[in-house]
Colleague: 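My questions will all concern the structure given below.
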Amino acid sequence: MITLAKTYSPKKNEEKIYKYWGDSGKFNPDNLDLPKNAKPYTIILPPPNITDKLHLGHSSMLAIEDLLIRYHRMNGYRTLWLPGTDHAAIATQNVVEKKLLKEKKQTRHDIGREKFMEEAWKFMKTTQSTILNQARRMGASLDWSRLAFTLDDQRKTAVEKMFIDMHEAGAIYRGKRIVNWCPHCQSTLADDEVEYKAEKSILYTFKYDKNFPITISTTRPETKLGDTAIAVNPKDSRYKDLIGKTFKANFCGIDLEIKIIADHEVDMNFGTGALGVTPAHAIIDWQIAQRNDLKTIQVINEQGKIKNGFKKFSGKSALETRKEIVKKLVRSDLIIKEEEIENNISICYRCNTIIEHLPSEQWFISVDKKLEKLGGKSLKEKALEVSRTKEIEFIPARFTKRYQDWMENLHDWCISRQIWLGHQIPAWYKDDEIKVQVKTPGSGWVRDLDTLDTWFSSGMWTFSTLGWPNNFKDNEKSGDLTKFHPTQVLNTGYEILTLWVSRMIMMSLFAVNEIPFEKVYLHGMILDQHGKKMSKSKGNGIDPIEMIEKYGTDAVRLSLLIGSTAGNDMKMSERKIEGYRNLINKIWNIARFVLHQLEFEKPTSTKKIVDLTSSDLTSADQWILARMHQLNTAIRKDIENHEFSAAGERLRKFTRDDFADWYLEISKIETNASKQIILSEILRDLLRLWHPFAPFITETIWQKITDSMLMIESMPEKTKYQKYSREADSFTLIKQIIIIIRNARAQYKLNPQDKIEVFVQAGDKLPELEKEKNLLKNLKTSIEKIEITKTGSEIPNAFYGQVASIKIYIPLKGVVDPEKELKKLKRELTKLKGFLISLDNKLKNQQFISNAPQEIVAKEKAKKAKIKIKIKDIEKQLPTESK
RNA sequence: GGACGCUUAGCUCAGUUGGUUAGAGCGUUUGGUUUACACCCAAAAGGCCACAGGUUCGAAUCCUGUAGCGUCCACCA
């Protein structure tokens, strides 16, 4: 006989179970016992940044993905979940730099590139092992044999090949552009790595010098040292006469040559309607300069200081210079207005330093260039096409629009970064020559010191992890790439939809000529109980590992899976996790009861569920089997629709309300021969269904009752309980009677020892209820006397009672259908009634059809058609369900 | 400035093509130690579905507007 401890202890079992799974090798799809044509199911884990340990957001991602993976593995798919981590370039470099400064009081420049990288690798190795261990604690069934890192050797080969290929195809070019420059990180930033902070700044309205004919406005007077033009709107009558002329000006001691030009981008209503054009330090100005062939004068250098050649300003910081210039302008009486305005300043997303816009030589990916490789389409066009044709589906669908809007407005992507941590760009320079290749072209050639944007390597993630480029020769896939690409789902937070997802789509289309994934499931953020973002600095974070220690992994997983829907944020609290710990314990006790009650020995049943006939079954048996059928089919639908919360709630409802609270109670009274089969089979199938949600407890119980591994068992057959799907009537009646008795008991405030008499008017159901009389009496109802008759003529027709005894009269009129069936039928009848009324009205009012707009007529027609079909359905049902 | 989302019980949220009386968990109150479980069981209270219009026989659900909250994008000299 098998016994279980009184409460389930996650701590005692989880590590053991995870090791058991891992040792079996079954995380690796190559070790699964599958037919050759088994369909693939692949998820590539979005690689967590290697900067820090995992937070609850990662746990949520792991829970969702592991659920999908386990579900599909149990449904016979060739299931691969591939783990990895991301070197996160700037982010990690900053962390390592901070650490270096704190521990050794050194900067990266003090120790040099090579030494720094040694430190970085040491750091990354430690963090990686922390992250991977955390993933294991979450129960993630990742194929560790395929572990990848965005900066490892295999990925290095892939990244270099990609760069060279794209350069050859003309998709990568080197050019001078205004870039976002972080003076602290000493690097360029991509547009979406720049953040904005609302701040009050002063808008100065002034003239360059006394004789200058036009007044301009700016919040950054120091950049005006590099002005080469003033742009006005061509429609602006105030400046019409000046357009085309060039003026000399002496701006705070610096000589400027200002051309007056017309440009449609200029807003006539802002400031004076005249824009001082500083081509080197503003993006719009740069564009205006390009259009009008203006000179570019760079004022601010890479350190955020004024460049040489600006006399006394040279070498001073931008802010200092601004103050001096303002002072000087005031003294010369050139300032016309100073007003405080609310504007956004750009800051670095990593270090919050104010960004400078500088012209710089950088590497770019061209998103608009038509590429031969893509059949004459540009990366942008291709990436839009796959979302428009629904080749890639976004869940929830509303994110399709966000993706497309963003894609349409995408500019060329600057991919070079002046940092050390990352993939060094495979480009070589000698005098004015550039060669793009990995090995040095010979003596005198110097390699580009820059590294690639971190999204360049993570954008290649779906195929670089599956063996590209080795597995891709002559446009033919081989190996893992054939087996597992395109992947099925990418599950990630909506905040990196644009940052990452879009890049992956472009890179995959270019490299392997196919989409990287079929579906993008976007999950929300995990917030604290007040709806605030969890962050280290606020100290409001919940540490997943701490919660796992306290409540067990299964409870943490359930708290993340149930009660959250795609694309929506979720508030998390410890109390929630505690609630699911209780549910986990309930499952444990259900198993404990089943094993104890039936003195269950393994292996057992000779007969199977499908062999049972209705003569073997009581009404309760039939009812639970019918409920089980509903559960089994609905769960599949839920998971396949990515409605994990609904699936979990359905399971909880069945497990607790139906199975534990009703059926197990009844099995204490009824002891027919089929009980053992039903109890043990439902227990087993419940464990299977729960497994993707709560893998540890289900496997722990499974190990007690079988010799196999639950993780690679099959889900219960879809049709397993089908033959019982319609046999739930009698027990539904019993449930109703008991609920009425319980209500009466509460209403009359009876004590448990108070006895009651019950009279049931059963109508057609008399024979069935007579059979169940015993069950009714024994189901903790304290019924002293029960009388079931066909009609109510010889029994009292009202409640009446005294303190210690009460008689309850329960009329059951005619046929009582299974709740759901009845509800459905009634809904249809209501619709039918409504339709007839509306049809009547519309016939009376013939103008409707002729006057109504086309789309409304069409809608009406569709509605009618729909209802007509329903009427047919009802007509089919009515004879058997007659009233 | 542009786009999107949210507003449902005290709290956290479901609510699937419009359809009898709007659901769940937690919390609260009441009763119960019934031999799987107090990490339990039974029951009760609690909702003008943000507001105002509209479409419809019928609206939490569809449309328009308003307010509050939130997210993303762009960035203004």
Side-chain angles (χ1 to χ4, degrees), chain A residues 4 6-8 191-192 194 196 203 216-220 223-224 231 265-267 270-278 282-285 341 343-344 346 396 398-399 401-402 405-406 409 494-495 497-498 524-525 527 529 531 551 555 562-565 567-573 575-576 578-597 637-638 641 643 645-646 649 652-653 657 660-661 664-665 668 739 742-743 745-747 749-752 780 822-823 826-842 856 859-860 862-863 866:
Chain A
L4 301 177
K6 196 168 173 182
T7 47
Y8 169 65
D191 290 346
D192 34 40
V194 178
Y196 296 89
L203 181 69
I216 57 164
S217 302
T218 185
T219 52
R220 298 200 59 189
T223 63
K224 300 286 113 184
E265 288 258 340
V266 179
D267 179 358
F270 189 92
T272 60
L275 165 67
V277 183
T278 321
I283 292 157
I284 288 187
D285 295 22
I341 60 161
N343 85 338
N344 282 330
S346 5
R398 67 184 138 95
F399 285 98
K401 189 172 163 7
R402 188 185 282 188
D405 285 352
W406 187 84
N409 294 317
Y494 59 77
E495 72 277 5
L497 173 68
T498 50
M525 279 186 306
L527 308 170
Q529 53 193 324
Y551 300 104
I562 301 179
S564 84
T565 44
N568 294 326
D569 296 344
M570 178 174 54
K571 291 175 194 168
M572 179 51 71
S573 64
R575 189 164 260 176
K576 206 174 204 167
E578 197 185 331
Y580 288 106
R581 187 269 319 265
N582 297 351
L583 178 62
I584 292 294
N585 196 52
K586 188 78 185 175
I587 297 173
W588 179 258
N589 271 293
I590 286 169
R592 191 160 167 254
F593 172 79
V594 171
L595 299 184
H596 178 257
Q597 179 84 359
K637 227 172 100 190
D638 288 338
N641 291 336
E643 286 166 1
S645 181
E649 246 168 282
R652 170 173 63 188
K653 211 171 157 69
D657 299 355
D661 293 346
L664 292 192
E665 290 306 321
K668 290 174 185 170
I739 287 167
R742 279 178 186 163
N743 285 345
R745 184 188 285 294
Q747 194 183 336
K749 295 192 165 36
L750 298 188
N751 294 320
K780 291 171 198 158
L822 189 68
K823 219 173 168 180
K826 277 182 171 171
R827 200 166 57 212
E828 296 307 334
L829 286 168
T830 318
K831 268 190 199 175
L832 178 61
K833 205 171 120 198
F835 166 71
L836 291 174
I837 295 166
S838 83
L839 188 70
D840 202 40
N841 287 353
K842 275 170 197 159
I856 293 183
K859 200 178 135 197
E860 274 314 308
K863 217 166 157 186
K866 216 162 77 183

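Just so we're clear, the structure is a prediction, and the values are computed from it rather than from any experiment.
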Colleague: With respect to the side chain of A/Arg398, which nucleotide from B/rG5, B/rA36, B/rA77 is positioned closest?
Modeller: B/rG5
Colleague: Would you classify A/Val277 as touching base, sugar-phosphate or nothing, given that sugar-phosphate means primed atoms plus P, OP1 and OP2, and contacts are heavy atoms under 4.0 Å?
Modeller: nothing
Colleague: Report the nucleotide, chosen from B/rA14, B/rA77, B/rA36, that has the shortest atom-to-atom distance to any side-chain atom of A/Glu665.
Modeller: B/rA36
Colleague: With a 4.0 Å cutoff (strictly under), does any side-chain N or O of A/Asn582 reach OP1 or OP2 of B/rC37?
Modeller: no
Colleague: Base, sugar-phosphate alone, or nothing: which one does A/Ser573 contact when heavy atoms must sit under 4.0 Å apart?
Modeller: nothing
Colleague: Does a sphere of radius 6.0 Å around CZ in A/Arg575 hold more than 12 heavy atoms from other residues, nucleotides or ligands, not counting ones at 6.0 Å or beyond?
Modeller: no
Colleague: Provide the closest heavy-atom pair for A/Thr223 versus A/Thr278 in the form atom of the first, atom of the second, distance.
Modeller: O-CG2, 3.1 Å
Colleague: Are OP1 or OP2 of B/rA36 and a side-chain N or O of A/Lys668 less than 4.0 angstrom apart?
Modeller: yes
Colleague: Counting only Watson-Crick or G-U wobble pairs whose two distances fall under 3.5 Å, which nucleotide matches B/rU55?
Modeller: none
Colleague: Kindly give the heavy-atom pair with the smallest separation between A/Gly567 and A/Arg398, and that separation in Å.
Modeller: O-NH2, 3.7 Å
Colleague: Quick check on B/rU12: is either OP1 or OP2 less than 4.0 Å from any side-chain nitrogen or oxygen of A/Lys576?
Modeller: no
Colleague: What verdict does the side-chain contact (heavy atoms from CB on, under 4.5 Å) test give for A/Leu664 and A/Lys668, after you've listed the backbone C-alpha separation in whole Å, the side-chain angles of each residue and the deciding distance to 0.1 Å?
Modeller: CA-CA 7 Å; A/Leu664 292 192; A/Lys668 290 174 185 170; 5.8 Å; no
Colleague: Who is the Watson-Crick or G-U wobble partner of B/rA60, with both distances under 3.5 Å?
Modeller: none
Colleague: What contact category does A/Asn641 fall into here, base, sugar-phosphate, or nothing, at under 4.0 angstrom with non-hydrogen atoms?
Modeller: nothing
Colleague: Using atom C1' in both nucleotides, what's the gap between B/rU34 and B/rG70 to the nearest angstrom?
Modeller: 49 Å
Colleague: For B/rG18, give its Watson-Crick or G-U wobble partner with both distances under 3.5 Å, or none.
Modeller: none
Colleague: Closer to the 5' end of RNA chain B via nearest nucleotide, is it A/Thr565 or A/Asn589?
Modeller: A/Thr565
Colleague: Using 30° and 60° as the class limits, which term best fits the ring planes of A/Tyr8 and A/Trp588: parallel, tilted or perpendicular?
Modeller: tilted
Colleague: Please tell me which of the listed nucleotides, B/rA77, B/rC26, B/rG5, lies nearest to the side chain of A/Leu275?
Modeller: B/rA77
Colleague: Is there a side-chain contact between A/Ser645 and the phosphate of B/rC13, meaning an N or O under 4.0 Å from OP1 or OP2?
Modeller: no
Colleague: So which nucleotide does B/rA44 pair with, by the Watson-Crick or G-U wobble rule with both distances under 3.5 Å?
Modeller: B/rU28
Colleague: Report which part of the nucleic acid A/Ala660 touches: base, sugar-phosphate, or nothing (heavy-atom distance under 4.0 Å, all strands).
Modeller: base
Colleague: Check whether the side chain of A/Arg581 and the base of B/rC39 form a donor-acceptor pair under 3.5 Å.
Modeller: yes
Colleague: What pair of heavy atoms forms the shortest contact from A/Thr7 to A/Asn585, and how long is it?
Modeller: CA-OD1, 3.6 Å
Colleague: Looking at every strand, decide which applies to A/Arg652 at a 4.0 Å heavy-atom threshold: base, sugar-phosphate, or nothing.
Modeller: sugar-phosphate
Colleague: Starting at CH2 of A/Trp406 and ending at C1' of B/rC73, how long is that distance when rounded to a whole Å?
Modeller: 10 Å
Colleague: Mind checking A/Thr219 for me? I need base, sugar-phosphate or nothing, with any heavy atom below 4.0 Å counting as a touch.
Modeller: sugar-phosphate
Colleague: Specify the closest pair of heavy atoms between A/Met570 and A/Gly563, including all atoms of both residues, with the distance to one decimal.
Modeller: SD-O, 3.9 Å
Colleague: Which nucleotide, if any, forms a Watson-Crick or G-U wobble pair with B/rA36, using both distances under 3.5 Å?
Modeller: none
Colleague: Can you check whether A/Lys571 has a side-chain N or O nearer than 4.0 Å to OP1 or OP2 of B/rG25?
Modeller: no
Colleague: Which nucleotide in the set B/rA24, B/rC41, B/rG5 lies at the smallest distance from any side-chain heavy atom of A/Asp661?
Modeller: B/rC41
Colleague: Does the side chain of A/Lys586 get closer than 4.0 angstrom to OP1 or OP2 of B/rC41 through an N or O atom?
Modeller: yes
Colleague: Contact class for A/Phe399 (heavy atom, under 4.0 Å): base, sugar-phosphate, or nothing?
Modeller: nothing
Colleague: Among the nucleotides B/rC26, B/rC37, B/rA3, which one has an atom lying closest to any side-chain atom of A/Arg575?
Modeller: B/rC26
Colleague: Nearest to the A/Asn585 side chain among B/rC39, B/rG27, B/rA36, which nucleotide is it?
Modeller: B/rC39
Colleague: Once you apply the 3.5 Å cut-off to both distances, tell me the Watson-Crick or G-U wobble partner of B/rC6, or none.
Modeller: B/rG68
Colleague: What contact category does A/Gly563 fall into here, base, sugar-phosphate, or nothing, at under 4.0 angstrom with non-hydrogen atoms?
Modeller: sugar-phosphate
Colleague: Is the phosphate of B/rA3, meaning OP1 or OP2, less than 4.0 Å from a side-chain N or O of A/Asn409?
Modeller: no
